[in-house]
Structure formats: C-alpha cells, structure tokens
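Inspection log for the structure reproduced underneath, given as structure tokens.
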Amino acid sequence: MVSETVDLLKNELPLEQESVVLPEDVVNGLVLVDIINGFCSVGAGNLAPREPNRQITGMINESARLARLFCDKKLPVLAFLDSHQPNKPEEPYPPHCIAGTDESKLVPALQWIENEPNVTIRRKDCFDGFLGSVEDDGSNVFVDWVKNNHIKAILVVGICTDICVLDFVCSTISARNRGFLAPLEDVIVYSRGCATFDVPLHVARNTKGALSHPQELMHHMGLYMAKERGAIIANEVSLVIPKKP
C-alpha cells in the first residue's frame with residue numbers, strides 16, 4: 001500500500017533531478033547536516049534507526065565520499081551537529097542528541113573530519129542550521145563561513161531530508177534572495193546524500209505521540225519542497241578543483 005502511494009505521489013508530483021558539475025572557476029562549499037549517531041547509528045538513541053536502513057547507510061557513504069573529496073581539495077566544509085541541553089526539549093520529539101553524549105557525535109565514517117583544517121563544526125540546538133548558527137552577538141557562523149570563503153555554491157547532504165535539511169535550505173535560499181549571503185548563488189541538494197527516518201502507520205498508531213512518517217514518501221516530499229523553494233536537486237555530482245588566479 002505504501003509503495004503504491006509513493007508511486008502515485010511521484011506521478012502527481014514528479015521531481016526532475018540533474019547531473020551537476022560544480023564549476024571549476026568558483027569556490028564550492030559542502031554542508032553536512034546532522035550526520036550523527038543519534039540520527040544514523042542503529043540503537044544510538046530515541047531517534048536513531050532500530051535496524052540497519054539502506055537509505056541512511058547510502059547517505060552516510062555518499063556524504064563521507066564527498067567530504068573526503070572536498071577535504072582533499074582543501075575546499076570549505078561546514079558540519080552541523082544537533083546538540084541539545086537536557087532541560088530544553090525540542091517538541092514534538094523525545095529527548096535526543098544531548099550535548100556531550102555519543103548521540104551528538106559524528107558517525108564513525110565522518111569523525112575524521114574534525115581534524116581537517118578546512119572543516120568548520122557547528123553544534124546547533126534547533127532544526128534549522130541557519131538559525132542555529134546565530135551567535136549571542138547577532139553574528140551568524142554560516143553566513144560568515146560563506147562570505148569569508150567567497151562561496152558561490154553549496155552542496156547540501158544529510159538527515160533528515162524533510163526536516164533539518166529542508167529547513168536549512170529554505171532559510172538559506174530566503175537569505176540569498178534577500179541579498180544577505182553574497183556571493184552565494186546556488187544551493188544544491190544531493191538526493192543520494194540525503195535520508196530521512198521511517199515510522200510506518202501501524203507503528204505510529206501504537207506509539208503515544210508518534211506521527212506516521214513513511215521514509216520514501218517523506219524523502220521525496222522533502223526534495224520536492226526544496227526544489228519548489230529554488231534549490232537545485234542533483235542525483236549525480238562531480239567536482240573539479242577551482243583554478244588558482
């Protein structure tokens with residue numbers, strides 16, 4: 001039934017994806033959204049998968065591959081890590097990714113990036129990494145990262161496609177459209193580098209406070225809505241190192 005619904009939705013809301021070649025004459029940045037144990041590692045917490053999940057595993061592999069490529073080429077990388085204080089719940093979700101715990105740490109396949117000089121780590125306590133980048137003095141770590149590195153295009157990967165990835169993309173595009181993010185031009189979401197979670201209807205009905213969240217359906221909707229906001233949705237990405245002036 002779910003697969004039939006997904007097929008029907010995709011027919012009614014088709015999503016055109018592109019093969020994107022990141023231009024060699026500008027600086028491209030990679031944004032990793034919440035690829036942490038609490039959302040990705042089996043049994044790691046309240047919002048972690050209960051069993052191995054092909055979509056999440058594929059997202060981790062593609063994100064790690066791209067992170068290695070960007071780091072090898074010394075291109076800017078920004079990693080958002082969901083990190084909450086225990087006394088500040090994030091409704092409607094149960095406690096998750098508490099600061100200082102393994103849940104809020106990068107998955108093993110990406111922990112190496114913390115030692116890379118071209119990587120900026122930003123711990124955030126809300127869905128939206130753009131808002132989660134605001135400092136007490138009003139400055140914004142993400143905005144400064146774009147401007148200081150003269151980034152023309154960002155490639156976004158991570159979890160969840162329809163929540164934290166989508167929220168960040170929507171805010172970023174709005175800020176770009178208002179002229180707050182020059183020289184940023186393109187926001188690219190790599191579909192194979194994104195994933196979301198799965199809560200079948202029968203599970204939600206038997207879990208207090210849970211909402212049904214069919215994985216494939218919500219993944220498609222997250223990508224579709226990002227494209228609707230103005231993002232480029234890519235199913236293939238290739239990268240060429242920027243030319244030196």
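It should be emphasised that the depicted structure is a prediction, and the values quoted were computed from it without experimental measurement. Numbers here are sequence positions counted from 1.
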Handout entry: Q55 side chain to D198 side chain, donor-acceptor N/O pair below 3.5 angstrom
Key = no
Problem - Side-chain heavy atoms of P183 within contact of I151, under 4.5 Å - result: no
Problem - Side-chain (H220) to main-chain (L13) donor-acceptor, under 3.5 angstrom - result: yes
Problem - salt_bridge(D34, K124) N-O dist < 4.0 Å - result: yes
Exercise for the section: Consider only side-chain heavy atoms of I, L, V, M, F, W and Y, link residues closer than 4.5 Å, and tell whether V77 and V141 are in one cluster. Expected result: no
Exercise for the section: With side chain to side chain contact (heavy atoms under 4.5 Å, CB included) as the test, would you mind laying out the steps for V33 and V157 before giving the verdict? Expected result: CA-CA 6 Å; V33 179; V157 296; over 6 Å; no
Handout entry: H213 NE2 to L217 CG distance, which is reported to the nearest 0.5 Å
Key = 9.0 Å
Exercise for the section: For residues I233 and E16, determine if any side-chain heavy atom of one lies less than 4.5 Å from a side-chain heavy atom of the other. Expected result: no
Exercise for the section: Kindly indicate, with the supporting measurements, whether the criterion side chain to side chain contact (heavy atoms under 4.5 Å, CB included) is fulfilled by N118 and C71. Expected result: CA-CA 7 Å; N118 61 306; C71 287; 3.6 Å; yes
Practice task
Can you see which heavy atom on S171 is nearest to which on F130, and at what distance?
Solution key: CB-CB, 3.7 Å
Problem - Contact summary for V189 and C194, nearest pair of heavy atoms - result: CG1-SG, 3.8 Å
Handout entry: Pairing of K10 and D7 as salt bridge, 4.0 angstrom limit
Key = no
Exercise for the section: Consider only side-chain heavy atoms of I, L, V, M, F, W and Y, link residues closer than 4.5 Å, and tell whether F70 and I232 are in one cluster. Expected result: yes
Handout entry: Under-4.0 Å salt bridge between D125 and K88
Key = no
Practice task
Search all heavy atoms of M59 against all heavy atoms of C40 and return the closest pair with its distance.
Solution key: CE-SG, 3.8 Å
Practice task
Evaluate the ring planes of F80 and F142, with Trp represented by its six-membered ring, and classify them as parallel (under 30°), tilted (30 to 60°) or perpendicular (over 60°).
Solution key: tilted
Problem - Any donor-acceptor pair under 3.5 Å from E103 side chain to G38 backbone - result: no
Practice task
Would you kindly confirm whether I121 and I159 end up in one hydrophobic cluster when ILVMFWY residues are joined by side chain heavy atoms under 4.5 Å apart?
Solution key: yes
Exercise for the section: Determine, for E114 against K105, whether the closest basic-nitrogen to carboxylate-oxygen distance falls under 4.0 angstrom. Expected result: no
Handout entry: Flag, side chain of S139 to backbone of E135, donor-acceptor distance under 3.5 Å
Key = no
Handout entry: Side-chain heavy atoms of R229 within contact of V187, under 4.5 Å
Key = no
Practice task
Check whether the side chains of S191 and Q17 place a donor and an acceptor atom closer than 3.5 Å, and report yes or no.
Solution key: yes
Problem - salt bridge (charged side-chain N to carboxylate O under 4.0 Å, His left out) against D162, all qualifying residues, sequence neighbours excluded - result: none
Problem - Pairwise distance CZ(F39) to SG(C160) - rounded to 0.5 angstrom - result: 6.5 Å
Problem - Flag side-chain contact, heavy atom, 4.5 Å: P52 against V42 - result: yes
Problem - Test log, rule side chain to side chain contact (heavy atoms under 4.5 Å, CB included), inputs V143 and F180 - result: CA-CA 8 Å; V143 173; F180 299 154; 5.9 Å; no
Problem - Approximate separation, where rounding is to 0.5 Å, of L75 CG and L69 CG - result: 8.0 Å
Exercise for the section: Answer whether the closest heavy-atom distance between the side chains of P76 and V27 falls below 4.5 Å. Expected result: yes
Fill in the blank from the handout: To the nearest 0.5 Å, atom NE2 of H96 lies from atom CG of N46 at 9.0 Å
Exercise for the section: To the nearest 0.5 angstrom, please state how far the CZ atom of F197 sits from the CD atom of Q215. Expected result: 9.5 Å
Handout entry: Shared hydrophobic cluster for V107 and I98 (ILVMFWY, side-chain gaps under 4.5 Å)
Key = no
Practice task
Locate the shortest heavy-atom distance separating A64 from A109; write the atom from each residue and the value.
Solution key: CB-O, 3.9 Å
Problem - Intermediate values then yes/no, side chain to side chain contact (heavy atoms under 4.5 Å, CB included), V20 and E236 - result: CA-CA 6 Å; V20 172; E236 293 183 3; over 6 Å; no
Practice task
Kindly say whether T101 contributes a backbone atom to a donor-acceptor pair with the side chain of S104 at under 3.5 angstrom?
Solution key: yes
Fill in the blank from the handout: Closest non-hydrogen atoms of N37 and P108, given as atom of the first, atom of the second and distance, are OD1-CD, 3.6 Å
Handout entry: Distance-only donor-acceptor check, side chains H219 and T161, under 3.5 Å
Key = yes
Practice task
Assert yes or no for the condition that the ring centre distance of F168 to F127 is strictly below 6.0 Å.
Solution key: no
Exercise for the section: With rounding to the nearest 0.5 Å, note down the distance linking CD1 in I163 to CG in D82. Expected result: 10.5 Å
Handout entry: Note, E18 side chain near N235 side chain (heavy atom, < 4.5 Å)
Key = no
Practice task
Return yes if some donor-acceptor pair links the side-chain N/O of R122 with the main-chain N/O of T120 below 3.5 Å, else return no.
Solution key: no
Problem - Minimum side-chain heavy-atom gap L22-V237 below 4.5 Å - result: yes
Handout entry: Ring-face cation contact, W112 with R68, 6.0 Å cut, 45° max
Key = yes
Exercise for the section: List the atom of V169, the atom of A231, and the distance in Å for their closest heavy-atom pair. Expected result: CG1-CB, 3.9 Å
Practice task
Decide if atom CZ of R50 counts as having more than 12 heavy atoms of other residues, nucleotides or ligands within a radius under 6.0 Å.
Solution key: yes
Completion exercise
In short, salt bridge (Lys or Arg N to Asp or Glu O under 4.0 Å) pairs touching residues 149-160 with sequence neighbours left out are none
Practice task
Sort out for me which residue in L32, N28, L66 forms a side-chain contact (heavy atoms from CB on, under 4.5 Å) with L155.
Solution key: L66
Practice task
Give the cluster check for I173 versus L15: same hydrophobic cluster or not, with ILVMFWY residues linked at side-chain heavy-atom distances below 4.5 Å.
Solution key: yes
Problem - Heavy-atom donor-acceptor pair, D186 side chain to I188 backbone, under 3.5 Å - result: no
Practice task
Could you tell me whether N87 atom CG has more than 12 heavy atoms of other residues or ligands within 6.0 Å of it?
Solution key: yes
